[in-house]
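Numbering of ligands and ligand atoms starts at 1, following listing order. Keep in mind the model is a prediction, meaning the values are calculated, not measured. For this chain, numbers begin at 1 and follow the sequence in order.
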Amino acid sequence: MEHNAMERIQERPSSMAANSHETQSLLNGQILQLGVDVGGTYIKFGLIDEHGNILLRDKSRTHPERGSGAIIRSIIDGVEAILARCSLRVGDLKCIGLGIPGTVDSQNGVVVYAPNLFWRDVKIVDAIRQELDVPVLIVQDTCAAAWAEYLVGAGQGLCSLASVTLGTGIGCGLVFDGKIFRGALSTAGEFGHQIVDPDGLPCNCGRRGCLEAYAGGLAILREAKKRIPEILELTHQKPDNLDVHDIYRLAQQGHVQARELTDSVVKYVGMGLVNLINLCSVELISISGGISNAPEELLLNPLIAFVRSRAYDVVAKRVRICRSDLGEDAPLIGSAMLYRCESYEDHILH
Ligand SMILES: [Zn+2]
């Protein structure tokens, strides 16, 4: 599907047609904002109300190989397209929030480093503001997910939480005392790159022994192929289609080596969570990402047991660990709602 030279894939048909009556009901005194989740594969767009409900969504494919200019063009086109679908103007929005897969300088609107997009020092906010006259806020996608969890997810009413993403890579967003915590150098929450074995396996970050090299999706697949040579026959998969959930299915069926592998994921992620909890004393850890959908008896339940038995006593008893209900939508919702974070207030017109 081509739209304004942009490959646009509508996720699901919307009941909202573009007519003035429905536009009025959409607006109807509501505060609306747009979230954009810039991923390595898709750019997702969501028109979101003040309660975090996604009213309208869209997505287009990301083409990192075409450079930052092309991706920024896709973002602007996508914003205009979703607004056109419901006869809104950019001026009707409180803000546009962008979740970025990398380190960002939120104050200056710069993406400092996003390896999956091949970006360094991209002034994305200035570029978008040249065409769209609305406040544009940026944040790392993991922080956006944590912010959504805090505002409208399992973290409502709490002060501090961590939102851990277990996927191809492993990331984490932190909310402390009701604020997104990014650290002085904006790199807080690199949970996947904590060392779990000092002389361990090489990691994608160029260092060794990181948690991600043991429990990230790529690591699980690599180990499965190494430890279970007949894995493709057992799972009836082609090499490129083998999925972490195939390994979990095997483990569920009682395959010994597959089970050893899923147990080792629990051990390493558990170690990471204990370090995080002991250091930061968070009330809640919500877990999302593709691997979080693994059967509870193989992931969530043993993880909780590991943390209860291994973390520092006071926090071990009280911390809550759950699977995120917001799932893949968390970064989209959280980036749209950045205007509610104190650190971003200067960028919003009241
Ligand atoms: Zn690493």
Seminar exercise, completed: Excluding waters, which are neither shown nor counted, protein N/O/S atoms under 2.8 Å from the Zn ion (ligand 1) come to 4

Exercise. So, does R310 use its side chain to make a donor-acceptor pair with the main chain of A305 at under 3.5 Å?
Worked result: no

For this session: For E283 and C159, indicate whether the former's side chain and the latter's backbone hold a donor-acceptor pair under 3.5 Å.
Result: yes

Exercise. Okay, side chain of E212, backbone of I170: is any donor-acceptor separation there less than 3.5 Å?
Worked result: yes

Problem set entry | Short side-chain to backbone donor-acceptor contact, T62 and P64, under 3.5 Å | no

For this session: Would you confirm whether R182, through its side chain, and T103, through its main-chain N or O, come within 3.5 Å as a donor-acceptor pair?
Result: no

Problem set entry | Check against side chain to side chain contact (heavy atoms under 4.5 Å, CB included), C322 and L284 | CA-CA 8 Å; C322 67; L284 170 80; 3.8 Å; yes

